[in-house]
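Whatever order the structure lists them in is the order used to number ligands and atoms, beginning at 1. Computed from a predicted model, the values in this text were never measured in an experiment. Any value given below was found using the heavy atoms of this structure, including those in side chains, with hydrogens, waters and symmetry copies removed.
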Amino acid sequence: MKIKIEDIKLQEIKADIEIIFIIDKNLDHKWVKDKEELKKLGFKGEVEEVAFLPEKGRLYVGAKLDHDEIRIAASKAVKALKGKEFKKAKAGVYIQNCPITNIKAFVEGAILGNYSFDKYKSKKEEKGLKEIILANEEYADKSFTLENAKKSIEEATIVAQSTNLVRDIVNTPPNEIYPKTFAKLAKELAKDEDLDIQILDEKDLEDEKMGAFLAVARASAHPPRLVHITYKPKDAKAKIAVVGKGLTYDSGGLSLKPSDYMVTMKADKSGASAALGIILAAKKLGLPVELHAILGLAENMIGGNAYKPDDVLTAKNGKTIEVRNTDAEGRLVLADCLCYAQEKVAPDYIIDMATLTGACVVALGEYTTGVMGESDELKKSMLEAAKASGELAGELPFNRYLPKLLKSNIADICNISSSRYGGAITAALFLREFIEEDKRDKWLHLDIAGPAFVEKEWGYNPYGASGAGVRMVIKWLQKEFVYNKKHP
Ligand code: BES
Ligand code: ZN
Ligand code: ZN
């Protein structure tokens, strides 16, 4: 679906249908031409409420003047037109009283809302909107120019399409995407964007002494891969590593998951998929930062050679880890990948993204990403970026007592906490052990276990993968290195 702005009045645009947002239930707005019909239909203009008047060629959606409400309303509009014959819609940006933020939100909401994953359906849904034209008239925001609007639409399209790409990867089942095929896909995508890519296989991981990563992968018929993609623009303002957990399947290993919990664990590759989406989007947007996406790809399975509770592993930085639960595997893969990132890249900032703990979902609910780290400033900046991007994020705080719960009697650290409580934070504190001390205030951990996979659709997220983390991190990069004057 394409979204464009044209320098003509709404009336002059030929389209099959017009989308009209009702802001704050105001049915008296001069642009609402069907007040009586809407009343008859019982339409009040509540958020998420839709009234479709096909014979009039108009579709009304309840909304509020808030950027994320605009996303949701735009997604409701395109969804209402799915499976129907309407190909081309138009909307007036005046409806949104339109600061540029709301135009971006409209575009993102429409593209995200139009997403569906039908690769494995014999019958594909082909009908639906192909094009939305925004009219350029009567805007309230003086900073609005046609040029600005066009650029914003392009940017929002890149961000939303990258999110949809990540959704596609995460939704693809584990019999099709496993470490080798994931790496192959990453290679194709990186080549399309002229990005450098290195793929490490099992032998390379051995040479790199990644004993924790290798142990997790050992019982799988599909050997692991580490993918390292580099985006290096001229005059980069900072060097950033984004490290993603890429468990193409997490059965739990010998600490096997119960059947009900195992379903959806194809989504345990969401962190790596997001990291891939972010670097591709950064390149397309031309962001002025050197980015390194490091994907730790493995499958956590059972078998005669599986790693076991009681094993002691040695990570790349020489630290020893007592395994007490093979289902706490993501932190083992990430531990080695974090060491790798610091050694090979020496980044100014290091961000890891992972569907790391069920505890994070318990703590924050299924819509919200957990943000953890040592630096209050960095956490604050990411939380603000999340908010501006339309993603939900909340902080989970470290304290002086929790690290003790990871003590092991026989190794340097244990892979699980001795307490049932605070599991999202203790997982992050485990990762912290693999960040060099002088780098810890430049590190952030994002636990996306909640929002990465949607079991019951919400907002503009249909059932399945949401692409969590992509929009938030892109916004963070823009906030820190494009808009922020702190980094010249
Ligand atoms: N991949 C899971 C975490 C997860 C749970 C992601 C639910 C998405 C939805 C992770 O590897 C895991 O199994 N973690 C364990 C850790 C425990 C053994 C300390 C968990 O959360 O139960
Ligand atoms: Zn697990
Ligand atoms: Zn996992």
Side-chain angles (χ1 to χ4, degrees), residues 170-171 174 178-179 212-213 215-220 224 243-274 295-302 306-311 321-337 352-370 372 396 402 405-406 408 413-431 445-456 463-469:
V170 175
N171 280 328
Y178 40 90
F213 187 165
V216 171
R218 206 165 58 212
S220 171
V243 179
K245 170 178 173 182
L247 265 289
T248 57
Y249 203 69
D250 179 13
S251 72
L254 289 177
S255 314
L256 196 63
K257 285 183 185 294
S259 327
D260 286 354
Y261 290 82
M262 205 184 289
V263 181
T264 75
M265 277 304 139
K266 65 172 181 182
D268 217 19
K269 57 184 180 297
S270 296
S273 309
L295 324 180
L297 308 175
E299 199 184 49
N300 186 21
M301 299 297 278
I302 54 173
Y307 84 123
K308 302 171 279 294
D310 285 350
D311 279 351
I321 306 164
E322 178 192 354
V323 177
R324 290 178 76 94
N325 191 317
T326 63
D327 198 11
E329 83 300 335
R331 63 195 75 183
L332 299 172
V333 172
L334 285 177
D336 276 339
C337 291
D352 75 72
M353 308 175 75
T355 45
L356 204 62
T357 64
C360 192
V361 196
V362 173
L364 293 173
E366 61 202 294
Y367 312 107
T368 305
T369 293
M372 287 157 264
L396 294 171
L402 287 165
L405 302 174
L406 291 166
S408 161
I413 192 168
C414 199
N415 85 323
I416 54 166
S417 161
S418 56
S419 162
R420 303 168 42 192
Y421 306 114
I425 308 176
T426 47
L429 289 168
F430 177 92
L431 298 178
H445 163 59
L446 307 178
D447 193 333
I448 55 173
F453 199 84
V454 175
E455 305 247 22
K456 197 167 164 285
Y463 172 85
S466 71

Tested for side-chain contact (heavy atoms from CB on, under 4.5 Å) against Ile425, the lone hit among Leu405, Leu402, Asp447 is Leu402

Note: Arg420, heavy atoms under 4.0 Å from ligand 1, region reported as neither

For Lys257, the ligand 1 atoms with a heavy-atom partner under 4.0 Å come out as 2 (C), 12 (C), 13 (O)

Applying side-chain contact (heavy atoms from CB on, under 4.5 Å), run through Phe430 and Leu332 and close with a yes or a no. CA-CA 9 Å; Phe430 177 92; Leu332 299 172; 3.9 Å; yes

Quick note on ligand 1: atoms under 4.0 Å from a heavy atom of Thr355 include exactly 1 (N), 2 (C), 3 (C), 6 (C)

Ligand 1 to Ile416, heavy atom cutoff 4.0 Å, flagged ligand atoms 19 (C)

Return yes when Asp268 approaches ligand 1 closer than 4.0 angstrom through a heavy atom, no otherwise. yes

Residue pair Cys337 / Phe213, side-chain heavy-atom distance below 4.5 Å
yes

* Asked: Taking distance alone, with no angle check, do Ala359 and ligand 1 share an N/O pair under 3.5 Å?
  -> no

Taking only non-hydrogen atoms of Lys245 and a 4.0 Å limit, the atoms of ligand 1 in range are 1 (N), 10 (C), 11 (O)

Quick note on ligand 1: atoms under 4.0 Å from a heavy atom of Met265 include exactly 1 (N), 4 (C), 5 (C), 6 (C), 7 (C), 8 (C), 9 (C)

CG (Leu356) and CG (Asp268) are apart, to the nearest 0.5 Å, by 8.5 Å

Atom 16 (C) of ligand 1: closest protein heavy atom, distance to 0.1 Å, is Arg331 NH2, 3.8 Å

Residues at least two apart in sequence or cross-chain that pass side-chain contact (heavy atoms from CB on, under 4.5 Å) with Ala363, listed by chain then number, are Leu396

**Message:** Whether Lys245 and Glu329 form a salt bridge (side-chain N of Lys/Arg under 4.0 Å from carboxylate O of Asp/Glu) is what I want to check.
**Reply:** yes

Note: Thr264, heavy atoms under 4.0 Å from ligand 1, region reported as neither

Per-atom filter on ligand 1: closer than 4.0 angstrom to a heavy atom of Asp250 are 1 (N), 2 (C), 10 (C), 11 (O), 13 (O)

Would you say that Tyr463 contacts Val454 through its side chain, given a criterion of any heavy-atom pair below 4.5 Å between the two side chains? no

Between Met262 and Ser251 the two heavy atoms that sit nearest each other are CE-O, 3.7 Å

Kindly indicate whether atom 1 (N) of ligand 1 is approached by any protein heavy atom to under 4.0 angstrom.
yes

Indicate yes or no: at least one non-hydrogen side-chain atom of Pro451 is less than 4.5 angstrom from one of Thr369. yes

Taken by chain and residue number, the protein N/O/S atoms under 2.8 Å from the Zn ion (ligand 3) read Lys245 NZ, Asp250 OD2, Asp268 OD2, Glu329 OE2

Leu247 side chain reached by Val216 side chain, heavy atoms, under 4.5 Å: yes

Among non-hydrogen protein atoms, atom 20 (C) of ligand 1 lies closest to Gly358 N, 3.9 Å

request  = Please say whether more than 12 non-hydrogen atoms of neighbouring residues, nucleotides or ligands are located less than 6.0 Å from CZ in Arg218.
outcome  = yes

Heavy-atom proximity to atom 14 (N) of ligand 1, picking from Leu332, Asn415, Leu356, Asn325, points to Leu356

What verdict does the side chain to side chain donor-acceptor pair (under 3.5 Å) test give for Thr326 and Asn300, after you've listed the backbone C-alpha separation in whole Å, the side-chain angles of each residue and the deciding distance to 0.1 Å? CA-CA 8 Å; Thr326 63; Asn300 186 21; 5.2 Å; no

Under 4.0 Å between heavy atoms, the region of Asp327 that gets near ligand 1 turns out to be both

Quick note on ligand 1: atoms under 4.0 Å from a heavy atom of Glu329 include exactly 11 (O)

Ala468 and Ser466 have their tightest heavy-atom pair at N-OG, 3.1 Å

>> Do Lys257 and Asp327 make a side-chain contact, defined as non-hydrogen atoms from C-beta onward lying under 4.5 Å apart?
In response: yes

